[in-house]
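Convention: sequence-line order gives letters A, B, ...; per-chain numbering from 1. Model, not experiment: these values are computed from the prediction. Below, all heavy atoms of this structure are taken into account, side chains as well, without hydrogens, waters or symmetry copies.
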There are 2 protein chains.
Amino acid sequence: MSDDPDPGLPSVAPAAWLIRKLKSTAQISARDCADIENLSFTVRTFGGRTSIVHEGDVPKQCCLVMDGWAYRCRSLANGQRQIFAFYVPGDIPDIESLHLHVMDQGLVAIAQTTVAFVAHSDMRALIERNTSLAMALWRDTLIDATRCRERVISLGRRQAVGRMAHLFCEMYIRLRTVGVADDFRYVLPLTQAELADALGLSSVHANRSLQELRKLGFVTLHRRELIIHDWDGLETVAEFDPAYLHIV
Amino acid sequence: MSDDPDPGLPSVAPAAWLIRKLKSTAQISARDCADIENLSFTVRTFGGRTSIVHEGDVPKQCCLVMDGWAYRCRSLANGQRQIFAFYVPGDIPDIESLHLHVMDQGLVAIAQTTVAFVAHSDMRALIERNTSLAMALWRDTLIDATRCRERVISLGRRQAVGRMAHLFCEMYIRLRTVGVADDFRYVLPLTQAELADALGLSSVHANRSLQELRKLGFVTLHRRELIIHDWDGLETVAEFDPAYLHIV
DNA sequence: CGAGGTTTTGACTCCACTCAATAGACGTGG
DNA sequence: CCACGTCTATTGAGTGGAGTCAAAACCTCG
């Protein structure tokens with residue numbers, strides 16, 4: 001489940017990640033920032049494809065991604081998997097565990113991923129004391145839900161190429177917002193099989209859809225780096241409109 | 001957009017619906033109930049297929065379903081539609097508008113539907129005064145999100161018959177929980193085209209999948225009444241596990 | 001009884017899946 | 001530095017689930 005303790009701490013502290021993230025979607029006061037900075041975090045790094053929280057766990061803490069990516073997923077009886085969402089620095093993937101005690105899905109680290117844990121008790125004390133921060137966190141979970149709905153549209157009404165393009169667009173905007181991507185390129189630490197599990201495709205078809213996007217000249221993906229050559233083209237095939245991300 | 005004012009008020013008051021609903025998923029104190037009962041509601045009835053809130057609106061109130069069903073949906077450029085979720089008595093479909101100001105999707109009444117509106121200002125005052133109620137409402141939005149994720153699994157990894165069976169199971173449990181269904185039957189006020197838009201299918205294929213469920217002897221659907229003849233069978237083809245509904 | 005919506009059926013097409021084999025990337029250890 | 005095993009990516013061939021188009025049957029209600 002776990003890995004080695006943190007080696008060399010990343011340059012940005014846990015609190016700073018969370019503050020940066022919340023500022024991108026809501027108004028955060030100086031008092032809110034101070035309260036976040038007073039939280040005590042436990043930093044840990046997970047190796048590739050290790051589980052941070054298992055399906056069925058009853059966690060006593062929630063985690064803040066600082067470096068790398070994580071995803072939530074569930075496996076079905078026939079061995080198929082569905083990835084619900086990806087989480088990047090600044091995100092708190094399992095904040096809902098504050099309110100829903102048993103995890104109905106797992107949380108997995110992709111590649112090398114550093115997260116900071118906060119005890120539920122600390123978090124609860126914080127949101128009882130500071131209503132405006134509680135509202136900001138609530139808002140954040142609602143935005144997570146809008147992303148989930150966007151995924152529903154993708155799976156329900158877009159075909160493979162559009163789905164993939166949409167994911168590429170969303171992740172670029174989100175990563176850029178927290179300062180982890182720029183210049184239309186970013187590290188996409190996923191295998192094609194994982195891409196397929198997120199998009200509701202077979203890995204063979206994920207491969208072919210990716211080739212289609214390459215052939216169109218929209219993206220290249222090589223050695224885990226995605227480069228977007230034609231943002232407008234990508235946005236068009238994806239029918240991507242960033243409004244649902246509610247970035248201020 | 002609207003319709004006639006309420007004719008004969010339903011037997012259960014708006015506050016009672018909300019209390020019943022929240023009690024089914026969280027612990028609610030006597031004070032919480034009193035606070036809900038002190039809210040002022042404006043009841044209105046919408047005719048079939050009329051819009052309660054439009055995509056792009058900036059609502060100043062949120063609405064509580066009292067009778068009938070509503071759904072949220074969005075239309076795509078090519079004319080296709082995706083229905084994200086259905087809402088039944090006790091649900092507050094647009095509570096997120098408290099935090100996310102512009103609606104990125106529409107809310108539509110199916111058949112005759114009665115809803116009660118509460119002003120955002122009243123709601124905000126309430127959740128600032130009563131933290132435990134705020135937490136219960138937050139929790140409710142998180143459960144809405146788990147249902148959305150379950151929809152993602154359906155669209156991504158189940159085929160048509162399983163998707164439909166899953167929806168039938170979920171709606172039965174939800175309706176029974178608030179006392180609107182019993183004895184393995186309920187009013188399903190949807191056309192097959194709407195069913196298709198919710199399940200990410202064409203209406204022709206929705207029809208064929210429904211026939212398949214009939215042929216298996218699991219359900220009948222006639223004159224908007226769904227009867228489940230074989231719950232276990234339905235649950236099995238759906239791979240349905242009600243845990244995600246977080247009903248206590 | 002007729003009009004308009006909804007459900008059903010048939011025929012054909014196509015997107016995406018499965019199975020299977022090959023090629024490439026990467027890390028490890030001899 | 002190369003051999004080897006293990007992932008991961010790519011390709012091909014054949015299949016099948018779901019879509020499209022269009023017509024017919026069926027309700028329902030004024």
Q) Looking just at side-chain N and O atoms, do His246(B) and Thr146(B) make a donor-acceptor pair shorter than 3.5 Å? A) no
Q: Whole angstrom is fine here: how far is it from NE2 in His222(A) over to P in dA25(C)?
A: 7 Å
Q: Can you sort out which residues in residues 154-165 of chain B have a heavy atom within less than 4.0 Å of DNA chain D? Ascending by number, please.
A: Gln159(B), Ala160(B)
Q | Stepwise salt bridge (Lys or Arg N to Asp or Glu O under 4.0 Å) check, Arg208(A) with Glu212(A) | A | CA-CA 6 Å; Arg208(A) 290 185 166 126; Glu212(A) 180 71 22; over 6 Å; no
Q: Using five base pairs at each end, measure the axis-to-axis angle across the helix from dC1(C)-dG30(D) to dG30(C)-dC1(D) and round it to 10 degrees.
A: 30°
Q.
Expressed as a whole number of angstroms, how long is the span from Leu221(A):CG to dG24(C):P?
A. 18 Å
Q) Any side-chain donor paired with an acceptor under 3.5 Å for Thr45(B) and Thr114(B)? A) yes
Hey, what are the protein-to-nucleotides 4-10 of chain C N/O distances that come in under 3.5 Å?
from: dT6(C); atom 1: O3'; to: Arg224(B); atom 2: NH2; distance (Å): 3.4
from: dT7(C); atom 1: OP1; to: Arg224(B); atom 2: NH2; distance (Å): 2.8
from: dT7(C); atom 1: OP2; to: Gln192(B); atom 2: N; distance (Å): 2.8
from: dT8(C); atom 1: OP1; to: Arg214(B); atom 2: NH2; distance (Å): 2.9
from: dT8(C); atom 1: OP2; to: Gln192(B); atom 2: NE2; distance (Å): 2.7
from: dT8(C); atom 1: OP2; to: Asn207(B); atom 2: ND2; distance (Å): 2.5
from: dT8(C); atom 1: OP2; to: Arg214(B); atom 2: NH2; distance (Å): 3.1
from: dT8(C); atom 1: O5'; to: Asn207(B); atom 2: ND2; distance (Å): 3.3
from: dT9(C); atom 1: OP2; to: Gln211(B); atom 2: OE1; distance (Å): 2.5
from: dT9(C); atom 1: OP2; to: Gln211(B); atom 2: NE2; distance (Å): 3.1
from: dG10(C); atom 1: N7; to: Arg208(B); atom 2: NH2; distance (Å): 2.5

Q: Please collect all salt bridge (Lys or Arg N to Asp or Glu O under 4.0 Å) contacts where either partner lies in residues 77-89 of chain B, sequence neighbours excluded, each pair once.
A: Arg81(B)-Asp197(B)
Q. For Glu235(A), which residues count as a salt bridge (charged side-chain N to carboxylate O under 4.0 Å, His left out) partner, sequence neighbours excluded?
A. none
**Q.** Heavy-atom contact window of chain A on DNA chain D, given 5' to 3' at under 4.0 Å
**A.** dT8(D) to dA13(D)
Q: Compare every heavy atom of Ala165(B) with every heavy atom of Leu213(B), then report the nearest pair and how far apart it is.
A: CD1-N, 4.1 Å
